[in-house]
Amino acid sequence: MVLLQDITIGKTNPRKAFDEDAINELTTSVKEKGVIQPILLRPGGKDGSYELVCGERRFRASQNAGIADIPAYIRELSDDEALELQITENLQRKDVHPMEEAYAFKQLLERHTPEEVAARVGKKEYFIKQRMKLNDLLPEWQKLFYKNLLNMTNALNLAVLPVNTQKEMLKDSDITKDNIDKQNSIRLNEYRLRSYSGDLNKAPFDRADTTLDKKAGPCISCQFNSAVANLFPDAVKSSVCSNISCYKHKCDVSFDQELKKALEDPAIVFISSNYYLDDKKIEERLQKEKHTILRSNDYNGIGIQIDDIEDYVTWCDGEDEDDYNDETEMRAAYDRYVSGLENSKQETDKKIASGKYLKAFIVDGNGKGLFKYIEIRKKAATKDSKKAVESGKASAADIDNEISRIRDRQKRNAELDAEKVHKQIVDAMSQDKSLKAVPAAFTTTDRALMLFLICQNADYSSRDQIKKVIGTYGSASNGNGNCDKLFTQLEAITDEQLAYLVRTFIFQKFKNNLPHGDGGYMVRKLAELLGTIPIAAYETEQQEKAAKRQKNVEKRIAELQQQKKDLKPKPEAKPKTPTKKAAKK
């Protein structure tokens, strides 16, 4: 037990953001139960103080709770060892922010190779390289990202832009230091983002077009094209324009040309997000000219337009990093994705020819200036049918649509009825005293609920194993009305299957915990239970190394002590004879 007043917070902790609500909840827990898991300290100086290495949330909560001391492990650690422990512990948190991961990986890569870092933190090398890009964000963008006002995809897209371009994007987004704290969310204009990136492979215009800017000429032979000056064919894959003002101008000219073509085709419909202020004039013009304008909830897009492997990884947004061991596997998954699109092309062409899929022009937001095929949602189609029925000019199709609308509305009303009943149940349970008391017996329902907790909290890599045990788990719990089927599956799980799930969950959840913590200790007990892990052999091997190390330490200390004995004592200084002037004084 160490007094809180004897502990100082080190400056090396990579964690910068703390959730105040979570700290307050932990403070309440500390007041009621104390600190259960010890913090980690190292000696801080001759005054007997200690420096905090791991456990700052527990330390802060203890301060707020007004307790005097806290349980702690005390270890002799170098600066590098302390920093690495802090980084590793932060990366193991469930709520770790991607920006904190990026900063932590950057520090680790100053001491280790990417392969070593991947092994230490239990992440794939491709994932680490992706997170590292976030360190290139401007501090202003990082602040917005920390506050979760900027999503992961936009953060990665911004991070690859030069500093000056990021500043321009910040200015273009009308975000200032004064209003950052007032923002609820930041949605970047995807069209402007593409314009600022200068990525010629994703340009919304023909790079060989000579008319977009007659003075600048086509991009394929321009001196500002990074691929033109490079002799290597692979450079085409990273063809970037360094003349951003010209690139943006071509984007705007191309958009005006494509909009003109779209307006001349009566079969074209228009897509608008109704969000970006710089496109309001275009929308007003479309409305005035009686063109069909669809919002995002009026249609379904056909396919996902992804150009290359980098876009594919961004689209995945890091969710599937545990599915791929390296970049090769990620690229193979991308190839399968492209192959799947090709296989469905013939079916798509048939639906386009039949009129089921319509051609649309995007006037703002993501994909501005591009054409795409869409499928009108039933809800959008039934709006016009309802008006036709009410006016007495309905066709047979309009009447069918109106009947379908009435049935859908009745179905939604039934869902709302169930939601109201559920709210009453929850409110009653909140006041029910029996829920707060220890039950008299452990029932089959309790067992099923416990299993549900395990399944819901298992990490992505464990879900395939879970499906092997209980069949179709996951598909039954997506709000499709099969929840009773899921509960029946959970109730039917045997004791042996339960043990399998618990062991899988414990290992995946706590395998990276330190051995002196609760989670690490439980992994040790699981290893003992398996009976196939040579724990004693590992310990014997490590003890031999420790004994050898101890021997070297004792030898070195003996050498130093002998060196101290051999030191010649300094001769005593002879008293100085006072000068006449000093004697007079």
Side-chain angles (χ1 to χ4, degrees), residues 19-22 24-26 28-29 32 94-95 148 151 184-185 274 295-300 319 375-387 389-390 398-460 462-464 466-467 469-495 497-498 501-502 505 509:
D19 187 333
E20 289 301 323
D21 290 337
N24 291 336
E25 289 179 8
L26 187 56
T28 302
S29 174
E32 294 177 356
K94 187 176 181 180
D95 61 341
N148 296 318
N151 65 37
N184 293 319
S185 65
N274 195 28
R295 309 298 183 198
S296 59
N297 60 342
D298 292 333
Y299 66 90
N300 295 318
E319 291 296 327
E375 181 181 21
I376 303 296
R377 289 180 181 173
K378 186 184 291 186
K379 181 180 178 182
T382 55
K383 287 182 181 178
D384 294 334
S385 296
K386 182 183 178 182
K387 291 179 181 178
V389 170
E390 291 174 348
D398 288 328
I399 295 173
D400 287 341
N401 284 338
E402 178 63 3
I403 292 172
S404 178
R405 185 190 70 83
I406 293 172
R407 285 175 175 167
D408 288 343
R409 186 175 180 181
Q410 182 64 11
K411 182 180 178 182
R412 178 55 184 153
N413 285 335
E415 291 173 351
L416 291 172
D417 290 339
E419 289 171 14
K420 291 175 182 177
V421 171
H422 182 70
K423 185 178 184 306
Q424 289 178 309
I425 292 172
V426 171
D427 290 342
M429 290 176 69
S430 300
Q431 304 299 323
D432 190 69
K433 293 182 179 179
S434 61
L435 186 63
K436 300 176 183 179
V438 177
F442 184 74
T443 68
T444 55
T445 299
D446 291 314
R447 193 171 183 275
L449 295 175
M450 178 183 69
L451 285 164
F452 178 71
L453 276 178
I454 294 174
C455 295
Q456 286 293 96
N457 286 282
D459 63 17
Y460 191 84
S462 302
R463 291 177 190 171
D464 285 340
I466 291 175
K467 287 178 183 178
V469 176
I470 57 175
T472 59
Y473 177 78
S475 61
S477 57
N478 294 325
N480 55 12
N482 292 330
C483 301
D484 54 342
K485 180 181 177 182
L486 170 62
F487 188 81
T488 302
Q489 287 177 328
L490 294 173
E491 275 192 315
I493 288 179
T494 65
D495 290 344
Q497 290 173 326
L498 170 59
L501 286 179
V502 171
F505 179 71
K509 182 75 174 175

_Let's go through Asp446 and Thr443 carefully: what are the C-alpha distance in whole Å and the side-chain angles of both, what is the deciding distance for side-chain hydrogen bond (donor to acceptor under 3.5 Å, both in side chains) to 0.1 Å, and is it a yes or a no?_
CA-CA 5 Å; Asp446 291 314; Thr443 68; 3.0 Å; yes
*Please step through side chain to side chain contact (heavy atoms under 4.5 Å, CB included) for the pair Arg447 and Leu451, ending with a clear verdict.*
CA-CA 6 Å; Arg447 193 171 183 275; Leu451 285 164; 4.3 Å; yes
Nearest 0.5 Å, what's the [atom1]-[atom2] distance between [X] and [Y]?
{"X": "Leu449", "Y": "Glu491", "atom1": "CG", "atom2": "CD", "value": "9.5 Å"}
{"X": "Phe487", "Y": "Thr444", "atom1": "CZ", "atom2": "OG1", "value": "6.5 Å"}
{"X": "Arg407", "Y": "Ile403", "atom1": "CZ", "atom2": "CD1", "value": "6.0 Å"}

*Using the test side chain to side chain donor-acceptor pair (under 3.5 Å), find all partners of Asn413 that sit at least two apart in sequence or belong to another chain.*
none
*Which of these, Lys423, Gln424, Gln431, sits in a side chain to side chain donor-acceptor pair (under 3.5 Å) with Asp427?*
Lys423
*Specify the closest pair of heavy atoms between Ile493 and Leu498, including all atoms of both residues, with the distance to one decimal.*
CG2-N, 3.6 Å
*Is the backbone of Glu25 close enough, under 3.5 Å, to the side chain of Ser29 for a donor and an acceptor to pair up by distance?*
no
*asked:* Could you walk me through whether Glu32 and Thr28 satisfy the side chain to side chain contact (heavy atoms under 4.5 Å, CB included) test, starting with their C-alpha distance in whole Å, then the side-chain angles of each, then the deciding distance to 0.1 Å, before giving a yes or no?
replied: CA-CA 6 Å; Glu32 294 177 356; Thr28 302; 3.9 Å; yes
*Find out whether Ile425 and Met429 are in side-chain contact, i.e. whether some heavy atom of one side chain is under 4.5 Å from a heavy atom of the other.*
yes
